[in-house]
Enquirer: 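One structure follows; several queries about it will come next.
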Amino acid sequence: VEARVQCPVELAFQGVMSALSIAASTNLDVRSFTGNYRLPMTLMIMSSAISGDRKSSSDSLCHKGIRNAANELNKYEPLHWLGSDVTVEGTMKALENSPVMAINNSDAASFFNSHSLQKERRSQTIAFLSDVWSGSAQSHIRSLGNRFVPEPRLSASLLTQAEYMREFLANE
């Protein structure tokens, strides 16, 4: 990947690790450090790179096979692939019919500035995504119906420019 798209090795590494996480998370669990819990084998990873480092090209190449497989499996075991806005309601709907969801964005500024991460929703969205990432069963009761997801699987790979990373990390 590094040689093919002329990107920093760190970007290639992130893309490969993200693709492996998505592929493995459908079938594999890991044991917690205490050995008392099974957790989904998933990964959340975020990196920053300067403009021109080939974030989108390396990410696209690394995930090409996963995207193709997701399209093939769509009839039976869909993989939901999300980019920028990840609402609690939308995520619950997607996970209800899918074993795996991937949040993947090579320009994560759109993710950080999305509707679901605005100040009034930020805490709820981050807490929800953390619970889903840990594999915790999710149950939501809404006026449009109840949703239950027993074993959610969430992988996330976000690439952004350094200024957006600093802004996000500085936000309490």
Side-chain angles (χ1 to χ4, degrees), residues 1-30 39-88 90-117 125-126 128-135 149 151-171:
V1 172
E2 176 189 17
R4 189 163 172 193
V5 299
Q6 301 296 302
C7 70
V9 68
E10 296 84 358
L11 290 181
F13 176 79
Q14 177 166 334
V16 170
M17 291 302 295
S18 172
L20 286 171
S21 170
I22 295 165
S25 66
T26 59
N27 301 308
L28 298 174
D29 292 333
V30 294
L39 302 166
M41 183 181 279
T42 59
L43 173 71
M44 282 196 177
I45 190 168
M46 182 169 72
S47 298
S48 66
I50 61 172
S51 182
D53 267 350
R54 314 280 293 162
K55 293 183 295 291
S56 297
S57 299
S58 64
D59 199 55
S60 178
L61 180 60
C62 290
H63 291 98
K64 184 178 180 179
I66 297 292
R67 285 183 189 270
N68 290 343
N71 290 336
E72 290 294 317
L73 292 172
N74 197 29
K75 300 171 196 139
Y76 310 104
E77 293 184 31
L79 163 67
H80 287 279
W81 203 281
L82 303 172
S84 57
D85 198 12
V86 184
T87 65
V88 171
T91 302
M92 285 299 294
K93 185 176 181 182
L95 283 170
E96 201 172 40
N97 301 312
S98 171
V100 178
M101 181 163 62
I103 301 172
N104 184 252
N105 194 315
S106 60
D107 182 19
S110 60
F111 176 79
F112 298 138
N113 294 312
S114 69
H115 171 77
S116 59
L117 286 176
T125 300
I126 291 173
F128 171 73
L129 290 175
S130 293
D131 277 351
V132 171
W133 182 63
S134 71
V149 180
E151 292 187 41
R153 307 287 175 139
L154 172 66
S155 291
S157 176
L158 301 172
L159 295 164
T160 189
Q161 292 190 13
E163 62 267 19
Y164 290 107
M165 177 76 86
R166 280 192 298 276
E167 181 182 315
F168 178 75
L169 294 175
N171 189 320

Enquirer: Does Leu158 reach the side chain of Ile103, with side-chain heavy atoms less than 4.5 Å apart?
Expert: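 Of all side-chain heavy-atom pairs linking Ile103 with Leu158, at least one is under 4.5 Å.
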
Enquirer: Side-chain donor-acceptor pairs under 3.5 Å in residues 2-13, sequence neighbours left out?
Expert:
from	atom 1	to	atom 2	distance (Å)
Gln6	NE2	Ala3	O	2.5

Enquirer: Quick one: does any side-chain atom of Thr91 pair with a main-chain N or O of Thr87 as donor and acceptor, under 3.5 Å?
Expert: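 Here the side-chain-to-backbone pair exists.
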
Enquirer: Tell me whether Ser21 contacts the main-chain N or O of Leu43 through its side chain, where contact means a donor paired with an acceptor under 3.5 Å.
Expert: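 Judged by distance alone, yes, a pair lies under 3.5 Å.
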
Enquirer: So which atom in Cys62 and which in Ala19 form the shortest heavy-atom distance, rounded to 0.1 Å?
Expert: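 The answer is O-CB, 3.5 Å.
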
Enquirer: I need the Ser48 OG to Lys55 NZ distance, nearest 0.5 Å.
Expert: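 Separation between the atoms: 9.0 Å.
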
Enquirer: Kindly compute the distance separating CE (Met92) from CE (Met101), expressed to the nearest 0.5 Å.
Expert: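 Between atom CE of Met92 and atom CE of Met101 there are 10.0 Å.
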
Enquirer: Applying salt bridge (charged side-chain N to carboxylate O under 4.0 Å, His left out), name anything that partners Asp131, two or more places apart in sequence or on another chain.
Expert: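 None.
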
Enquirer: Should the pair Asp59-Lys64 be classified as a salt bridge under the 4.0 Å nitrogen-to-oxygen rule?
Expert: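 No.
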
Enquirer: Any chance you could measure Ser157, atom OG, to Gln14, atom CD, to the nearest 0.5 Å?
Expert: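 Answer for the OG-CD pair, Ser157 versus Gln14, is 4.0 Å.
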
Enquirer: Do Thr125 and Ser116 meet the criterion of a side-chain donor-acceptor pair at a distance under 3.5 Å?
Expert: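 Side-chain D/A pair, Thr125 to Ser116: absent.
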
Enquirer: Measuring only between side-chain heavy atoms, which start at C-beta, is Met165 closer than 4.5 Å to Met46?
Expert: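 Met165 reaches Met46 side chain to side chain.
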
Enquirer: What distance separates Met41 CE from Ile22 CD1, expressed to the nearest 0.5 Å?
Expert: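 It comes to 14.0 Å.
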
Enquirer: Is any side-chain heavy atom of Trp133 closer than 4.5 Å to a side-chain heavy atom of Arg153?
Expert: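 No, too far: nothing below the 4.5 Å cut-off.
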
Enquirer: Taking side chain as C-beta onward, heavy atoms only, is Leu154 less than 4.5 Å from Thr42?
Expert: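 No, side chains not in contact.
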
Enquirer: Is there a donor-acceptor contact under 3.5 Å from the side chain of Ser58 to the main chain of Arg54?
Expert: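 At least one qualifying donor-acceptor pair exists.
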
